[in-house]
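Numbering of ligands and ligand atoms starts at 1, following listing order.
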Amino acid sequence: MTSTNATTTTGRVGTPLDYDAIVIGAGFAGLRMLHELRERGVTARAFEEAPEVGGTWYWNTYPGAHTDSQSWIYAYSFSKELQEEWNWSERYTPQPEVLAYLKHVADRFDLRKDIQFSTRVTSAVFDESADVWRVTTDLGDEVTSRYVITAVGALSAPYEPEFPGLDEFTGECYLTARWPQEEVDFAGKRVAVIGAGATAVQLIPLVAHTAAHLTVFQRTPNYVLPARNGVLPKEQLEGIRAKYADIWEQARDQVFGFAMDPAGRTMKDVSAQEAHRILEWGWEIGGFHFVFETFDDLVVDQESNEVVSEFIRTKIRSIVTDPATADLLCPDYPFFGKRPPLGHYYYETYNRDNVELVDVSSEPISCLTHSGVRVGDQEYAADIVIIATGFDAVTGSIERMDIRGRGGRSVGERWADAPTAYLGTAIDGFPNLFTMFGPGTPFANAPVVVEDVSQWIADAIVHLREQGLSTIEANRDAAGEWTELLNTIVNATVVPQGVHNYLLGDNIPGKTHAPLFFLGGVKPYRDALQAAAKDGYRGFTLDLQLHG
Ligand code: NAP
């Protein structure tokens with residue numbers, strides 16, 4: 001836990017540097033990275049825009065915010081003591097508890113002393129003459145480091161469509177990804193929710209309880225799986241603790257980083273009746289068990305997928321009593337064509353008298369007025385408008401900073417054709433820049449990926465230090481091959497058949513259509529990272545002896 005073997009921090013030509021590494025962000029990834037660097041005696045400073053640790057779990061305080069991963073694997077695995085002492089209260093962790101956990105981690109491992117809060121990194125420019133990064137912040141800091149590590153999250157840059165008339169709306173207006181820290185009172189109010197993704201799905205049932213009227217504006221329906229949340233009894237938690245090592249092993253090997261076993265069968269292996277029984281089992285167990293422990297081919301086989309898609313549509317029609325509303329809630333693209341949200345009595349909410357679903361798929365929201373939301377000729381009165389329109393995934397949070405590599409070229413310029421990062425962590429032309437959750441990182445339970453990536457980056461930095469090298473840089477060919485692999489894998493799934501899919505950049509008007517995540521699984525990704533390192537950092541160029 002203490003810093004040992006601290007390096008003498010100098011640039012290539014002997015100029016003293018402020019830090020070995022700058023970490024941008026102090027959420028799940030940034031905290032873990034900071035700890036890992038400190039363990040290896042690498043001096044680091046983290047800059048965090050928020051006044052507190054937590055990243056997405058600091059900002060997304062909207063009602064109902066929960067993890068969609070089971071609490072005991074939405075955590076760090078590096079400290080046995082931490083695992084022993086922390087108590088989860090529910091099967092899926094509520095946002096305040098995730099935030100409390102991350103605060104606890106920051107305190108327990110004394111990480112705060114290396115974090116500068118309420119500070120946004122505005123630019124990071126690589127000085128090729130000295131192999132040094134020059135980082136500036138909105139508070140006027142100017143610091144130098146050998147490495148920069150972005151830990152800004154894959155789903156953290158909010159996307160807010162430019163609705164005409166937004167400024168004219170006289171009621172309260174909230175963006176879910178920047179929810180106020182104070183409680184918002186919906187009692188007796190007419191509330192409009194724009195969006196029907198994972199965020200809205202969590203928020204809607206809770207708002208419906210107290211609002212006088214709730215209008216949901218849905219452009220594309222989702223396949224919402226029942227989460228089946230509940231209190232985590234002490235006995236169950238103790239049972240989990242007793243086999244924590246096995247649970248983590250299982251999660252590390254599972255395709256999406258969940259502690260689940262493959263089903264070991266495809267749809268064609270069983271009769272239609274047996275398939276139905278298995279899907280009923282998955283629906284009752286809830287959460288992503290439905291995806292990963294029923295049939296192994298439902299994301300890659302059209303026929304299997306259609307059985308599952310129709311199973312869910314039938315469920316929707318059996319829950320939602322008004323047939324027209326049920327129809328609107330039934331997706332017509334394949335299951336997993338968009339990331340399915342987990343719901344907490346989501347479909348049931350549409351049976352309430354005070355809840356109304358408005359389809360904006362063919363007639364979009366035309367504007368906000370001083371008193372509500374207009375769709376075509378129809379105006380929907382609202383006292384509160386909630387905008388739950390998602391994120392500029394993966395690239396958004398990186399491109400919002402002015403990061404410049406060789407020749408003064410920005411990341412945005414490098415990604416003009418397609419976003420690419422070798423192994424999700426390194427961009428050619430940007431020596432000594434590591435992206436945690438850059439394009440091409442697994443789409444999976446994030447904490448499992450964070451454990452792998454943070455250790456790999458720290459190992460790479462130590463390797464350079466031990467070899468007296470000053471730069472590591474992805475080769476363009478290697479990055480291109482990684483991107484090709486992302487394409488091959490995504491095209492073997494039903495994912496491209498979804499609509500406005502953020503996995504492919506399709507939710508943001510004008511954004512390049514390209515896979516932003518590696519869908520090949522957590523273990524193959526880890527194997528690829530480790531193989532590259534073992535093979536002398538294959539696909540990278542390691543360069544230049546340090547002087548002085
Ligand atoms: P999202 O899934 O991208 O949903 C955004 C919603 O806004 C969609 O329904 C979208 O419709 C709608 N929308 C966008 N522009 C619109 C417009 N101009 N008019 C009307 N509707 C519009 O975003 P999200 O719900 O924030 O979730 C994103 C991801 O964040 C999730 O998939 C998940 O990975 C993560 N997340 C996780 C949790 C959790 O684990 N508990 C919770 C929340 C979010 P279209 O579908 O038609 O584009």
Side-chain angles (χ1 to χ4, degrees), residues 28 55-57 59-71 73-74 90-95 97-98 153-164 166 175-179 192-204 215-225 227 229 256-258 287-288 328-329 331-333 336-344 346 357-368 373-375 385-394 396-397 437 443-447 495 498-509 511 516-517:
F28 235 106
T56 197
W57 296 103
W59 297 107
N60 284 268
T61 55
Y62 61 84
H66 273 77
T67 63
D68 277 357
S69 303
Q70 289 168 324
S71 52
I73 43 134
Y74 201 85
E90 297 178 35
R91 180 179 179 186
Y92 303 96
T93 325
Q95 174 272 330
E97 201 168 293
V98 186
L155 291 155
S156 53
Y159 165 58
E160 193 178 357
E162 288 171 17
F163 294 113
L166 190 59
L175 182 66
T176 48
R178 288 293 177 272
W179 197 263
V193 173
I194 303 176
T199 300
V201 161
Q202 291 184 335
L203 172 99
I204 284 165
T215 314
V216 177
F217 296 88
Q218 172 194 273
R219 191 167 63 182
T220 311
N222 276 291
Y223 289 96
V224 181
L225 303 173
N229 194 20
F256 274 47
F258 293 124
F288 289 111
L328 287 179
L329 289 166
D332 60 5
Y333 58 85
F336 226 89
K338 284 165 92 77
R339 188 277 214 188
L342 297 195
H344 307 257
Y346 178 67
L357 181 64
V358 176
D359 173 28
V360 292
S361 59
S362 44
E363 177 100 69
I365 293 170
S366 44
C367 64
L368 267 69
V373 179
R374 186 185 291 273
V375 180
V385 170
I386 298 174
I387 300 178
T389 45
F391 299 93
D392 185 354
V394 179
S397 49
F437 291 98
F443 187 59
N445 180 35
V495 167
V499 228
H500 304 146
N501 197 337
Y502 70 78
L503 296 179
L504 295 164
D506 293 343
N507 63 324
I508 307 291
K511 186 165 174 171
L516 292 167
F517 293 91

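Looking at atom 26 (O) of ligand 1, its nearest protein heavy atom turns out to be Thr199 OG1, 2.7 Å. Nearest non-hydrogen protein atom to atom 32 (O) of ligand 1 is Tyr502 OH, 2.7 Å. If you check which protein heavy atom lies closest to atom 20 (C) of ligand 1, you get Ile194 CG2, 3.8 Å. Given atom 37 (C) of ligand 1, the protein heavy atom at minimum distance is Arg339 NH2, 3.8 Å. In terms of protein heavy atoms, atom 47 (O) of ligand 1 is closest to Thr220 OG1, 2.5 Å. The nearest heavy-atom contact from the protein to atom 4 (O) of ligand 1 is Gly197 CA, 3.5 Å. Regarding atom 13 (N) of ligand 1, its nearest protein heavy-atom neighbour is Thr389 CG2, 3.7 Å. Of the protein's heavy atoms, Gly390 CA, 3.1 Å lies nearest to atom 23 (O) of ligand 1.
Contact atoms of ligand 1 toward Leu155: 29 (C), 30 (O), 34 (O), 35 (C) (distance under 4.0 Å to a heavy atom of the residue). Taking every non-hydrogen atom of Ala388 and a distance limit under 4.0 Å, the qualifying atoms of ligand 1 come out as 5 (C), 6 (C), 7 (O). Each of the atoms 15 (N), 18 (N) of ligand 1 lies under 4.0 Å from some heavy atom of Pro161. The atoms of ligand 1 that sit less than 4.0 Å from any heavy atom of Gly195 are 6 (C), 7 (O), 9 (O), 12 (C). Below 4.0 Å from some heavy atom of Tyr62 lie the following atoms of ligand 1, by number and element: 42 (C), 43 (C).
Here the side chain of Lys338 pairs no donor or acceptor atom with the backbone of Gly197 at under 3.5 angstrom. Judged by distance alone, with hydrogens and angles left aside, the side-chain atoms of Thr389 form a donor-acceptor pair with the main-chain N or O of Tyr159 at under 3.5 Å.
Ranked by closest heavy atom to atom 14 (C) of ligand 1, the top entry among Gln95, Gln218, His66, Arg219 is Arg219.
The CH2 atom of Trp179 sits 10.5 Å away from the CG atom of Asn60 when rounded to the nearest 0.5 Å. Summarising the geometry, atom CD1 belonging to Ile387 is positioned 13.5 Å from atom CZ belonging to Arg178; distances are rounded to the nearest 0.5 Å. Here the CG atom belonging to Leu503 is positioned 7.5 Å from the CZ atom belonging to Phe336, to the nearest 0.5 angstrom.
Relative ring orientation between Phe258 and Phe288 is described as parallel, the plane-to-plane angle staying below 30° on a 0-90° scale split at 30° and 60°.
Across Ser361 and Arg219, no two heavy atoms sit closer than the pair CB-O, 3.2 Å. Residue Ala177 comes nearest to Trp59 through the heavy atom pair O-CB, 3.2 Å, listed as atom of the first residue, atom of the second, then distance. Of all heavy-atom pairs spanning Phe217 and Ala192, the tightest one is CE1-CB, 3.7 Å. Annotation for Leu342 and Arg339: closest pair N-NH1, 4.4 Å, computed over non-hydrogen atoms.
Taking 4.0 Å as the cut-off, Ala196 counts as a neighbour of ligand 1 on heavy-atom distance. Ligand 1 is approached by Phe163 to a heavy-atom distance shorter than 4.0 Å. For the ligand labelled ligand 1, residue Lys338 lies inside the 4.0 Å heavy-atom shell. Distances shorter than 4.0 angstrom do not occur between any heavy atom of Phe217 and any atom of ligand 1.
Close N/O approach between Gln202 and ligand 1 is found [any backbone or side-chain N/O within under 3.5 Å]. Considering backbone and side-chain N/O atoms, Tyr159 never comes within less than 3.5 Å of an N/O atom of ligand 1.
The shortest distance between side-chain heavy atoms of Ile194 and Phe163 falls below 4.5 Å.
Looking at Thr67 against ligand 1, only its backbone comes within 4.0 Å, counting heavy atoms.
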